Amino acid sequence: MSRAIALVDVNNCYVSCERVFNPKLIGKPVVVLSNNDGCAVARSAEVKALGIKMGVPWFQIKDLAKQHGIIALSSNYTLYAEMSNRFMSILGDYVTPDEREIYSIDECFLDLTTYQRLFDLTSYTQDMRQRINKWIGLPVSVGIGTTKTQAKLMNHWAKKFPQFNGVCNILEMDAPTIHRRMQKTPVNEVWGIGRQQTKALAAMGIVTVADLTASDPHVMQKRFSVVMGRTIQELQGIVCYELEPLQPTRKQIVSSRSFGELITTIEPLRQAICHYVRNAVTKLRADGSVCSLISVYIRTNHFREQDPQYYKSVSIRLHTPTDDLLLLNALATQALQEIFKAGFNYKKAGVMLSDLKPANQVTQDLFGNAVTDEKRERLIHAIEAVVERFGKSHINLGTVKKVIPDWEMKTANRSPNYLTSWEDLPLVT
DNA sequence: TCTGGGGTCCTAGGACCC
DNA sequence: TCTGGGGTCCTAGGACCC
């Protein structure tokens, strides 16, 4: 029995969500705009038909929009998140938790391998589509393949060819048909192939999905990257990416925003940064994490090439990981003062919290640095091994490092390199 | 005049330390 | 005093994704 991975996604997600609550928008050309109403981030089918691309600045299409009666809405992410929860929860009725990977706000991978025995997968997923539409009013498409990359491609076909009626299943297609459709699909539709790669591939004569699928993954991996090699294998049906049902905890939290107007002085920047820190710390605490590094950046408007440009960021490392708002705010303000330069028109600023760790796993080592329980245990074992081999008088970080070669020595240059006594060792709680 | 925000992964060079 | 190698950290930037 072959593996069967489905990708279910909401068509024109943000526009569809808005239509659920305002049915007058149905059948009309609608766009949803980003913050500051800057760019189009979602387009209805009617708008796509006018040739308006994803992410175009609103001011560039304003005239066209007027001409065709396009309705522009500011985004409402709280609403979209709520609709997303309901969508994912309905999918949860069809599979077990470890057969579902929530990939983004509007996309979900499902492992349907075992369901092939009991159901026809096309009708099974058609049932999902209908239920989602009936219960929460969202239109969805389904692509089914043996790998995630194939499922993504099938999802694209499900939208592109009306005869599929929203579900495209590669397992039901014969090889010549697949090949013919791949020949007609441009290579940039493949998951992981962006603008730059498309250009580089075109220079080698690879322009369609069929071309890429026929290429040698090992040769291409050397020429491009390991990611490219995997993408090709996945297109060929060789699994490189497993389903990841458990959301990995994120590694950084970013809070940033463009300003509606240009800023020249430090005070409004300070207020903005203060706001971003609060925003990021709220997320940090919701995750139950603490951070060890805070970065702040400010920049001018890079679209205004005629203006003098400035971009500067600075990071501050914390001795002890924290989620303390006041402390992080003070550090961010200090960072801002370091990088601020008068004489520029600032357009954007941001704060990044990184080196995140679960708050409950963090303790301090004898230098006052935070270590996870796991690391501390390894340190203690190493020291015990040193004592056993060389005796107590030889306990120093250098010897410890001989026992654990990959032990991080980053504290060695700021703190005493030598332990003075056995009693200095971290306590085991 | 007006051009989003939040992520991941990878690479490279310079400063600095042992 | 001169030399080299190995390592970390920081900054910057590029590529991709939604």
Side-chain angles (χ1 to χ4, degrees), chain A residues 7 9-10 12-14 31-42 53-63 72 74-75 77 80-81 84 102-108 148-149 152 155 188 190-200 224-228 230-231 241 244 247-262 276 279-280 283 292-297 299-307 311-317 335 338-339 345 347-356 396-398 401 405-415 417:
Chain A
L7 176 69
D9 84 338
V10 179
N12 321 324
C13 182
Y14 300 165
V31 290
V32 173
L33 303 176
S34 64
N35 272 33
N36 287 332
D37 291 345
C39 301
V41 289
K53 299 270 181 260
M54 175 70 177
V56 293
W58 172 234
F59 76 88
Q60 282 177 8
I61 51 168
K62 237 175 188 167
D63 291 343
S74 297
S75 41
Y77 290 102
Y80 312 147
S84 174
I102 297 172
Y103 178 68
S104 74
I105 193 163
D106 68 333
E107 285 173 283
C108 190
K148 285 179 163 181
T149 307
K152 274 273 196 182
N155 186 282
N188 63 302
V190 174
W191 191 36
I193 306 295
R195 277 249 278 283
Q196 302 306 315
Q197 312 260 48
T198 301
K199 237 192 275 172
F224 290 86
S225 67
V226 51
V227 181
M228 175 65 84
R230 288 186 190 141
T231 298
Y241 299 112
E244 286 168 28
Q247 306 267 81
T249 50
R250 57 180 150 191
K251 295 170 180 167
Q252 57 179 219
I253 295 170
V254 175
S255 180
S256 65
R257 204 119 306 184
S258 297
F259 308 127
E261 54 194 36
L262 297 176
Y276 305 152
N279 183 11
K283 290 184 190 171
S292 303
L293 191 68
I294 177 169
S295 317
V296 174
Y297 75 86
R299 72 169 314 146
T300 48
N301 187 348
H302 61 285
F303 288 107
R304 291 182 58 87
E305 285 167 14
Q306 68 275 30
D307 286 2
Y311 170 89
K312 187 82 183 154
S313 74
V314 68
S315 305
I316 298 177
R317 181 158 292 282
E338 248 176 69
I339 57 180
N345 290 322
K347 177 63 181 171
K348 190 173 180 183
V351 167
M352 184 161 76
L353 305 180
S354 38
D355 277 19
L356 307 189
N396 63 53
L397 287 185
K401 194 157 166 94
D406 63 334
W407 180 260
E408 288 176 41
M409 297 277 287
K410 55 182 155 192
T411 62
N413 53 10
R414 324 189 187 107
S415 308
N417 197 4

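Every chain is numbered from 1 and lettered A, B, ... according to where its sequence line falls, protein lines coming before strand lines. For clarity, every value in this text was computed on a predicted model and none was experimentally measured.
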Gap between atoms CG and C1', on A:Asp37 and B:dT1 respectively (whole Å): 15 Å
Is the shortest heavy-atom distance from the side chain of A:Ser34 to the side chain of A:Cys39 under 4.5 Å? yes
Is A:Asp307 close to A:Thr300 at the side-chain level, that is, under 4.5 Å between some pair of heavy atoms? no
Could you work out the separation of B:dC2 and C:dC18 based on their P atoms and round it to a whole Å? 30 Å
Heavy-atom side-chain proximity of A:Arg250 to A:Lys283 below 4.5 angstrom: yes
Generate the contact string for nucleotides 3-9 of chain B. Rules: B means base contact, S means sugar-phosphate contact only, - means no protein heavy atom under 4.0 Å. BBSSSBS
Between A:Ser84 (side chain only) and A:Ile105 (backbone N and O only), is there a donor and an acceptor less than 3.5 Å apart? yes
Dot-bracket encoding of pairs in DNA chain C, which uses [ ] for pseudoknotted crossings and | for another strand, Watson-Crick or G-U under 3.5 angstrom: ....||||||||||||||
Student check: side-chain heavy atoms of A:Glu107 and A:Leu7 closer than 4.5 Å: yes
Less than 4.5 Å apart, any side-chain heavy atom of A:Lys348 and any of A:His302? no
Can you check whether A:Gln252 reaches A:Leu293 side chain to side chain, under 4.5 Å on heavy atoms? no
Does any part of the side chain of A:Ser354, heavy atoms only, come nearer than 4.5 Å to the side chain of A:Lys251, both counted from C-beta? no
Go along nucleotides 12-18 of chain C 5' to 3' and tag each nucleotide: B for a protein heavy atom under 4.0 Å from its base, S when only backbone or sugar atoms are that close, - otherwise. SS-SSSS
For A:Tyr80 and A:Tyr14, take the angle between the two ring planes, folded into 0 to 90°, and tell me which bin it lands in: parallel under 30, tilted 30 to 60, perpendicular over 60. parallel
Could you tell me if the side chain of A:Asn188 sits less than 4.5 Å from the side chain of A:Gln197, heavy atoms only? no
